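Treat the numbers as computed from the prediction; the structure is a model and nothing was measured.
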Amino acid sequence: MSPSNPFGPGTGRPAGGPPSPGPAYPGFGPPPGQAPGGRPGPYGPPSSGDNPFGPSTGVPAGPPPNSPAPSSASSGPLDPVGPPTGLLIAAAVLAVVGTVFGGVFWGSPLSIVGWALAGPIAIGVLALFTSRDTVRRSAAIYLRPDWLSLAYAVTMLIIAIGVVVGSVSFAMWIGHR
């Protein structure tokens, strides 16, 4: 061990002496753009021949040669989307049919069909509407009609009325047996 460095082999030069012309550790050369001994080297691209700031020689610019050309007629991510109103209308129609069915067959075992239409089935369709509407809201352009909130609230109200009519009608049939 050298008296000037208590940690082992150092830079390969005595303390206070001139810098060594070779690397301090075997296998490591000077940094790119620097000549041995710490002096700056010539300016220009690194010795490997690749210029990191110049044009790439191996990769052509532009789209791949076999890719289809973009067309304005295709549906893309910037097309406006709206809510799935068909599902909302279907849920409302199921609730109305279930309410009418429960009222027409008041006090009979068929009133359970009205309860099922206005209850679990209409609620399932409304849940599907909500799920698909949530997915569509993540689109770049989502157009929500002003009447949608009112239509959703009316559908929920019709569902509640249908469930009550169907269940009370079925309960009347059970009570009169």
Side-chain angles (χ1 to χ4, degrees), residues 29 31-34 41-175:
Q34 201 173 45
Y43 294 102
S47 62
S48 65
D50 293 332
N51 184 355
F53 302 108
S56 174
T57 58
V59 179
N66 294 334
S67 68
S71 116
S72 60
S74 68
S75 112
L78 293 180
D79 290 339
V81 295
T85 54
L87 288 172
L88 182 63
I89 292 169
V93 167
L94 283 169
V96 167
V97 168
T99 304
V100 170
F101 209 83
V104 168
F105 294 103
W106 187 265
S108 82
L110 290 177
S111 61
I112 194 75
V113 174
W115 172 85
L117 286 173
I121 296 173
I123 290 172
V125 172
L126 192 65
L128 186 62
F129 162 79
T130 303
S131 172
R132 292 205 178 150
D133 186 44
T134 302
V135 169
R136 288 186 181 191
R137 286 183 188 196
S138 67
I141 301 173
Y142 176 79
L143 302 174
R144 182 181 174 103
D146 294 333
W147 54 267
L148 190 69
S149 297
L150 179 63
Y152 188 85
V154 168
T155 302
M156 289 295 292
L157 182 65
I158 296 170
I159 287 174
I161 291 170
V163 167
V164 169
V165 167
S167 61
V168 170
S169 176
F170 189 70
M172 292 296 215
W173 174 73
I174 293 289

Hey, does W106 have a side-chain heavy atom less than 4.5 Å from the side chain of V165? yes
Scan V154, D146, L148 and name whichever one has a side chain to side chain contact (heavy atoms under 4.5 Å, CB included) with L150. V154
Do other residues, nucleotides or ligands put more than 12 heavy atoms under 6.0 Å from the CZ atom of R132? no
Mark yes or no for whether S169, through its side chain, and G107, through its backbone, hold a donor-acceptor pair below 3.5 Å. yes
Please assess R144 against S149 for the test side chain to side chain contact (heavy atoms under 4.5 Å, CB included), listing each intermediate value before the final yes or no. CA-CA 9 Å; R144 182 181 174 103; S149 297; 3.3 Å; yes
N/O donor to acceptor pairs below 3.5 angstrom from side-chain atoms of residues 115-123, sequence neighbours left out:
none

Between S111 and F170 (side chain of the first, backbone of the second, donor and acceptor by atom type, cut-off under 3.5 Å), is there such a pair? yes
Contacts of Y152 that satisfy side-chain contact (heavy atoms from CB on, under 4.5 Å) - sequence neighbours left out: L88, L126, F129, T130, M156
Taken to the nearest 0.5 Å, the spacing of L94 CG from I89 CD1 works out to 12.0 Å
Quick one, Y142 and P83 - any side-chain contact, counting heavy atoms below 4.5 Å? yes
Taking C-beta and beyond as the side chain, do P84 and R136 meet within less than 4.5 Å on heavy atoms? yes
Side chains of V81 and R137: closer than 4.5 Å at any heavy-atom pair? no
Please evaluate residues I112 and F101 with respect to the criterion side chain to side chain contact (heavy atoms under 4.5 Å, CB included), reporting the C-alpha separation (whole Å), side-chain torsions for both, the decisive distance (0.1 Å), and the verdict. CA-CA 9 Å; I112 194 75; F101 209 83; over 6 Å; no
Minimal non-hydrogen separation, L143 against P145, with atom names: O-CD, 3.7 Å
Considering all heavy atoms of both residues, which atom of G162 and which atom of T99 are nearest to each other, and what is their separation? CA-OG1, 2.9 Å
